[in-house]
Student: 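There's a structure below that I have some questions on.
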Amino acid sequence: MPAKSFLLLKIFIKTAVSSWLFSPIMIHSLFLINNVGDLFLEKHWKSVISRTVCDYFFEAREKAVEPENVPPVIHTPHHYLINIYREKIFFVSVTQTEVPPLFVIEFLHQVAETFQDYFGECSETTINDNVVIVYELLEEMLDNGFPLTTESNILKELIRPPTTLRSMVNTITGIGNIGQTLPTGQLSSIPWRRAGVKYTNNEAYFDVVEEIDAILDKSGSTVFAEIQGGIDACVKLSGMPDLTLSFMNPRLLDDVSFHPCVRYKRWESERVLSFIPPDGNFQLMSYHVSAQNLVAIPVYVKQNISFFETGPSGRLDITVGPKQTMGKTVECVVVTIHMPKVVLSANLNATQGTYNYDPVTKVLMWDIGKLNPQKLPNLKGSLSLQSGAPKPEENPNLNVDLKIQQLAISGLKVNQLDMYGEKYKPFKGVKYVTKAGKFQVRM
Amino acid sequence: MSASSAFSDEKGGSSGEPEYGHDPASGGIFSTDYKRHDDLKEMLDSNKDSLKLEAMKRIVAMIARGKNASDLFPAVVKNVACKNIEVKKLVYVYLVRYAEEQQELALLSISTFQRGLKDPNQLIRASALRVLSSIRVTIIVPIMMLAIKEAASDMSPYVRKTAAHAIPKLHSLDPDQKDQLIEVIEKLLADKTTLVAGSVVMAFEEVCPDRIDLIHKNYRKLCNLLIDVEEWGQVVIINMLTRYARTQFLNPNINESLLEEGDEKAFYASDEEEDEEKKVEASALAKRKPYVMDPDHRLLLRNTKPLLQSRNAAVVMAVAQLYFHLAPKAEVGVIAKALVRLMRSHSEVQYVVLQNVATMTIKRRGMFEPYLKSFYIRSTDPTQIKILKLEVLTNLANETNISTLLREFQTYIKSMDKDFVAASIQAIGRCATNIGEVRDTCLNGLVQLLSNRDELVVAESVVVIKKLLQMQPEQHSDIIKHMAKLIDNIQVPMARASILWLIGEYCEHVPKIAPDVLRKMAKSFTNEEDIVKLQIINLAAKLYLTNSKQTKLLTQYVLNLAKYDQNYDIRDRARFIRQLIVPTDKSGALNKYAKKLFLALKPAPVLESPFKDRDHFQLGSLSHLLNAKASGYQELPAWPESAPDPSVRNVEIPDWSKCTSRKDRKEKKVEKPFYSDSDGESGPTESADSESDSGSRSESVSGSDESAFGSESEESGEETESDEEEEEEEKMKKKRVEKTKAKKPVVESAESEQSSGAEDQKRGRKTGKDRKSASESESESESSESEEESEDESEEESESDADIRKKKAPAKQPPKQSKKVNKKETQEMSLLDLDDFEPTPASAPVTPVNFLSSSLVSDLEGLSLTDTILAPSTIAQSASMKMCELLHRIRGEGLAVEYCFSRQPFSPDPNMVAVQIQFTNNTSSETKTIHIEEPKLQSGMRIREFSEIELMSAGESVTVVMGIDFCDSTQAANFQLCTHTRKFFVSIQPPVGELMTPVFLTENDFKKEQGKLMGMNEISEKLTLGEKCVNEHVIVERVTATANLSRVPCGSDKECRFAGKTVSSGCLVLVTVAMKEGRGAQLTVNCEKMVIGTMLVKDILQALTQ
């Protein structure tokens, strides 16, 4: 008994001390928790914070029901837990003092992206398989809770990403993943690009990807629509190329954000993108074409869903057709409906593609594929409801996914790409894709 | 309790739990023996790196899982000095994790890091400091302090950055070191590299956020560097500057603050007359106190604005909050677009942004109104996002958009997400209270919801309707009746309580129904929830007071039931009410007022946003998000009544654009200001302007406003402007500096340098030619690469002997002669076209012509500074014009070639050193076609050849000028001199002093620049002056003879200062000779290029000690 009280006293002192000597740093510790609630990795940048602090998180997690509804900031007596949910993993960071929450959130996303970049995917398995690299990465990315190196080009110089070939070589030769040479990029004037890049084939590819965000109402008229675009680049050029990308119609762009490499003033004055690119894949810019401009909606959906008061059944009838497609084919069309909870099963007939109803998640998914304007795909049939339950009051919403190749729906066109600073002639390519973003039809 | 379980958890780890089982890194061989990590210890003790690595990997995997590996400490710490870099790194990871627990053992590793701190490799120094400072062992505090101090003045910016990172670590370990740390912070704040800026401001924020005075001197620099700082640093700096600005500048909305209140009132009550009055008042106030924005305030706003385009949400948010808190009302609007853009990001980002937008929409509704639809809700949004969006939508609602909004809300009510539906109903209620016009529509809509099948919806509607009815109960007795009927069906306690309250409150409007309801409730009293019971008692009391005839018995029944209730609140309430309303002998005076007490007119509730007044927290902060002060939160100070002295931010007395643009150039070397060159130019030059003309403040405000993006056009305007020399001079300098920055288009820069005079057209043609020749020569120099070196070298050797002999007899004549010419001619020829000289075939009078080549700058300097100042530099020039032999008469078979560094700017290309070459034909025959061939140069070096000498008759001497870009190195330029018969390999090696050109600085300028070139860029040497160095004059002569520098005026006669810049990259070279007692002196050279610096020190030392 006295032994136990001594222990308790000790614990009391320990916790008390830790709360007095709070350390004013941005990110104190990081815990990775999977969606079942197992804590599978922890990292501390200062003295260790007991993992019991996560109990507060688990409590909130339970309360939220859906993982997306866990509040990003959780207030506990001595700590603040700032977390993100990505790829079925919660990244829970612990901080003790005032810190801009977005700062931490952005950083955590950057961590997740780095893992994705390194291991191909960011999942519990890959993290566990590469726990040492993960630890090394976290060590480099954060110093004393403050971000140190987050630029992937430099990280890759410091810590080489694993490849199957290399891991084989590593086991044979015993040479590790850590770069033997010290990185130069950190010290250069262009921190996002590593020095001494060399390629035999010099190529630069730019993908203009546009996503249509829209809400259509029951009658098919647009409640709200806008276009979110981005230019994803894959640049493999030797040396220090200085690129200039210009558009035919830059005035179209309403709001833009840039990779740090883009010279803002050039954009401001000439509306061209002038930059020394990072090596490899990166997003050069993202832009926004506002709702003020008329947004072309590439498909229309005629839908009718009704539930009957008498008898446990309902009827569904959906037709999808092309609308404003600029003469291109609409591909990969998928319609998703979150059904009311009382819908038990669906007995439908699709003229094209396949449908699938998951009675657990209540999601009806109809994978249509290519849209044929001559023969419009249709899904029709009956829904069976839970017997005895009242007919659902609300109508489900319908989400549409689609893809149109070789078209930027906003009409944006790249004019040309010039390269300065290097002598060779690079191979250049631009591709356009339009996709559905958050494309929703209300029923 | 929570701590205790953690404790046992930690203990549990060490008790031999088979953790290897989970360990992916563990090989099968060792997994059998898992007792007390013996196998790991063995592996660590082995001398095979691969085994060590394997062991370390497994240990790190254990740490990652939160398992205890502390008993391995002795085995691990031994490997801290391991050669294998990967093992070392993992040992560091381990060390940082466990050092705190094993303090004594951790000390074993310290010496390794101390050694690392002295390593020549900056990255090793940095990593040693990083680990050393991460070991939380109090004993080593003094060592850490020393290491940080040293690293803070390290020559590598990366190490200095690490030092900045180490400051908060040490501070949290030992807060007593604060004062010393603040000194280090002060020092690092003065650092001008972008790499350091973010980290040191972070240290500042954590160690001494209240020492705002440390920022003054660095404020402008931070503003200007901001765009090139890495993203994380930007966030910290912007947040700090927001606070700073709040203490230093005046509220830009000072005249509108009154107006604002008026606006708000107008929104709720829409009495416009009052508003009008306020406006008049406000404008009167404005007249009294005209607001002029401090240029520094403007600078901050302007330099942060581009960051709204950052891809990093945290940066965008930081700028947004800065604008919200600091910008004039009219300008805040720009942030809306960027914030709306963030709505596309991850849901966590959305969550934070929406919270902030919600707060902003209350204060500045107009700014988000155009983006109303961006806040429309999708069924796929997480609930917490939906509710926040709803909040924003409600805040944005006004008379014009309410109808569309209500339609939108209507669809939300049909959602499957019930929490969201409830929130939507409340939103409708709030719109109805705020906007009078739609109150009835909303009420009707809500009443319709009362027949909804979902009870939650109905309940929520009841609660909201209750609030609405309170505003105008008279008109809505039928709704109250309708609700009374609902009491039979609704089970949600809150809703039942609301209905009962309504009936009680307005029982006079429904005199028939009210007693009946009470009757029903009396029946079910015992089964009701507590809040409902309380309302039943209330209802009974109110009815008793208004309609005691019908309800007296009922009331008593209810009160009796309540008297024996389980809940003491209800028992108390019943007792209290009985005393109050039922007149007895004992009841006091209060009885008389019972009716007044119960049936007083209650003010209608104001439905307010939970985000109201949240903006007293700095937006974007954790405290704002939680609506509670987080520990360590720095309050956003209120605006000062009157502005503090703005001069505290002045950094000494600056003069025109020169210094700042030079600073730019340096940045370009170290960290190129990335966002386009024009930015780098316009920003700092403007700031320099505002620094200098503090007198004409208002003017500079308006000026800088416009010039934000128009700097280039302005300059072009300047070029065509006036011929006034003094002005011209300034511009020329500015331009020249800019030109040297723009390295790439060398030829173009040369062109524009010349194109400031009158004869533009002619020049245009000329430079066209120039360009062609330049490109030709360049291509040539590239093509000729392979050459036998051995021959070259041997020649050099033989030459050098000859050199020494020849040096004694310098040919001083030509320069002296020319000096006179120069002096005389400057007046007339100041603005003449000077191009003629260069490519023309050289002939006898070349030397004077050569002097014409001196660029306009020096000519104009000569004009404005008068002869006295011109004197030292020209004297120096003549003194140093030692001819060196390039080709000896004998080896050259009669052709003797000598060269000297003419110290004149080489006008076709300002990045080249002008070399004057004199050919003497000692043969008895003619020599033809003398030209240069096959230059063999170090990479980056360039040569501009002199044009071919077609003919030299016997005994004739010809002087020509060629330009060489030595790339600021003393490497020799090798090339061939060809005549019509022979080829001679020759090489020109410049002394370091010739690689620079003079720069004219004022004393203050000099000091300022010197301040920027401290640390590794400064080389200091003590010396004893030579016998002849008796006075200042001799020293000046000696120094200027050694190096092509110009004297900087100096107040004290004990010090001589010289300034110059390297020819090809334009790095500043500053030389100071401080004389002490006797012969003692101290020589200091500041130069960014350390090689140049050291060589120069050597040369000057030699010159002075002779």
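Per chain, numbering begins at 1; letters A, B, ... match sequence-line order. No experiment lies behind these values; they were computed from the predicted model shown.
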Student: What part of A:E140 is in contact with chain B, defined as an atom under 4.5 angstrom from a non-hydrogen atom: side chain, backbone, both or neither?
Tutor: both
Student: Between B:S347, B:S133, B:A313, B:G620, who has the most heavy-atom pairs with chain A when the cutoff is under 4.5 Å?
Tutor: B:A313
Student: Can you give me the closest heavy-atom contact between A:F91 and A:L108, atom names plus distance?
Tutor: O-CD1, 3.7 Å
Student: With a 4.5 angstrom heavy-atom cut-off, which part of A:I105 approaches chain B: side chain, backbone, both or neither?
Tutor: side chain
Student: If we define contacts as heavy-atom pairs under 4.5 Å, which of B:K169, B:K629, B:M317, B:Q618 has the most with chain A?
Tutor: B:K169
Student: Identify which part of A:V104 has an atom lying under 4.5 Å from any heavy atom of chain B, answering side chain, backbone, both or neither.
Tutor: neither
Student: Looking only at heavy atoms and a cut-off of under 4.5 Å, which of A:V53, A:V134, A:I215, A:N83 has the most pairs with chain B?
Tutor: A:I215
Student: Hey, does the Lys NZ or Arg CZ of A:K43 hover above the aromatic six-ring of A:Y135, less than 6.0 Å from the centre and inside 45° of the axis?
Tutor: yes
Student: So what's closer than 4.5 Å to chain B heavy atoms on A:Q440: side chain, backbone, both or neither?
Tutor: side chain
Student: Which atoms of B:I385 are under 4.5 Å from chain A, going by heavy atoms: the side chain, the backbone, both sets, or neither?
Tutor: neither
Student: Please look at B:E231 and chain A and tell me whether the side chain, the backbone, both or neither of the residue comes under 4.5 angstrom of a heavy atom of that chain.
Tutor: side chain
Student: Check each atom of B:S127 against the heavy atoms of chain A and say whether the ones under 4.5 Å are side chain, backbone, both or neither.
Tutor: neither
Student: Looking at A:V73, A:L39, A:D143, which has the largest count of heavy-atom pairs under 4.5 Å with chain B?
Tutor: A:D143
Student: In terms of heavy-atom pairs under 4.5 Å with chain A, which of B:E205, B:R378, B:M56 leads?
Tutor: B:R378
Student: Calculate, to the nearest 0.5 Å, the distance between atoms CH2 and CZ belonging to A:W267 and A:F275 respectively.
Tutor: 12.0 Å
Student: If you take all heavy atoms of B:L622 and A:V99, which pair is closest and at what distance?
Tutor: CB-O, 3.3 Å
Student: B:L372 versus chain A, heavy atoms under 4.5 Å apart: side chain, backbone, both or neither?
Tutor: neither
Student: Checking side-chain polar atoms at under 3.5 Å, does B:D228 have a donor or acceptor matched by the opposite partner on B:T194?
Tutor: no
Student: Under a 4.5 Å cutoff for heavy-atom pairs, which residue among B:T404, B:V60, B:N312 has the most contacts with chain A?
Tutor: B:N312
Student: Considering residues at least two apart in sequence or located in another chain, which fulfil the side-chain contact (heavy atoms from CB on, under 4.5 Å) criterion with A:Q228?
Tutor: A:D213, A:E226, A:H288, B:R344
Student: Below 4.5 Å, heavy-atom pairs only: which of A:N397, A:N69, A:L41 has the largest tally toward chain B?
Tutor: A:N69
Student: Can you see whether B:R130 engages B:T162 through a side-chain donor-acceptor pair at a distance of less than 3.5 angstrom?
Tutor: no
Student: Between B:V349 and chain A, with a heavy-atom cut-off of 4.5 Å, which part of the residue counts as in contact: side chain, backbone, both or neither?
Tutor: both
Student: Top residue by heavy-atom pair count (under 4.5 Å) with chain B, among A:F107, A:F40, A:Y80?
Tutor: A:Y80
Student: Is A:Y85 close to chain B through its backbone or its side chain, or both, or neither, when contacts mean heavy atoms under 4.5 Å?
Tutor: both
Student: For B:Y376, enumerate each residue passing the side chain to side chain donor-acceptor pair (under 3.5 Å) test, keeping only those at least two apart in sequence or located in another chain.
Tutor: none
Student: Given a strict heavy-atom distance threshold of 4.5 Å, which part of B:N239 is in contact with chain A: side chain, backbone, both, or neither?
Tutor: side chain
Student: Between B:Q355 and chain A, with a heavy-atom cut-off of 4.5 Å, which part of the residue counts as in contact: side chain, backbone, both or neither?
Tutor: neither
Student: Just so I understand: if I count every heavy-atom pair under 4.5 Å between each of A:K218, A:H44, A:E211 and chain B, which residue has the most?
Tutor: A:E211
Student: Under a 3.5 Å distance rule, please check whether A:W192 uses its side chain to pair with a backbone N or O of A:P260 as donor and acceptor.
Tutor: no
Student: In terms of heavy-atom proximity below 4.5 Å to chain B, should A:Q283 be classed as side chain, backbone, both, or neither?
Tutor: neither
Student: If you take the centroid of each ring, where Trp contributes its six-membered ring, are B:F617 and B:Y633 closer together than 6.0 Å?
Tutor: yes
Student: Between B:S623 and chain A, which part of the residue has a heavy atom less than 4.5 Å away: side chain, backbone, both or neither?
Tutor: both
Student: Under a 4.5 Å heavy-atom cut-off, does chain A meet the side chain of B:D49, its backbone, both or neither?
Tutor: neither
Student: Over all heavy atoms of both residues, which pair between B:E206 and B:P168 is shortest? Give the atoms and the distance, please.
Tutor: OE1-CB, 3.3 Å
Student: Taking all non-hydrogen atoms of both residues, which atom of B:M343 and which atom of B:V353 are closest, and how far apart?
Tutor: SD-CG1, 4.5 Å
Student: Side chain, backbone, both or neither: which part of B:V236 has a non-hydrogen atom closer than 4.5 Å to chain A?
Tutor: side chain
Student: Between A:S286, A:P72, A:P71, which residue shows the highest count of heavy-atom pairs closer than 4.5 Å to chain B?
Tutor: A:P72
Student: By a 4.5 Å heavy-atom criterion (distance strictly below it), what part of B:V207 contacts chain A: side chain, backbone, both, or neither?
Tutor: neither
Student: Give me the ring orientation class for A:H109 and B:H346: parallel if the planes are under 30° apart, tilted from 30 to 60°, perpendicular past 60°.
Tutor: parallel
Student: Does B:Q634 reach the side chain of A:E98, with side-chain heavy atoms less than 4.5 Å apart?
Tutor: no
Student: For B:D419, is there an ion pair with B:K386 - N to carboxylate O distance below 4.0 angstrom?
Tutor: no
Student: Taking NZ, NE, NH1 and NH2 as the nitrogens, is one of them in A:D255 or B:K337 under 4.0 Å from a carboxylate oxygen of the other?
Tutor: no
Student: Between B:E100 and chain A, with a heavy-atom cut-off of 4.5 Å, which part of the residue counts as in contact: side chain, backbone, both or neither?
Tutor: side chain
Student: Which region of A:Y287, side chain (C-beta onward) or backbone (N, CA, C, O), has a non-hydrogen atom less than 4.5 Å from a non-hydrogen atom of chain B, or is it both or neither?
Tutor: neither
Student: Quick check on A:A214 against chain B: is it the side chain, the backbone, both or neither that has a heavy atom closer than 4.5 Å?
Tutor: backbone
Student: Given heavy-atom pairs under 4.5 angstrom as the criterion, report whether the side chain, backbone, both or neither of B:R136 touches chain A.
Tutor: side chain
Student: List the atom of A:L138, the atom of A:W45, and the distance in Å for their closest heavy-atom pair.
Tutor: O-NE1, 3.4 Å
Student: Taking A:R442 first and then B:E408, would you say they form a salt bridge - that is, a charged N and a carboxylate O separated by under 4.0 Å?
Tutor: yes
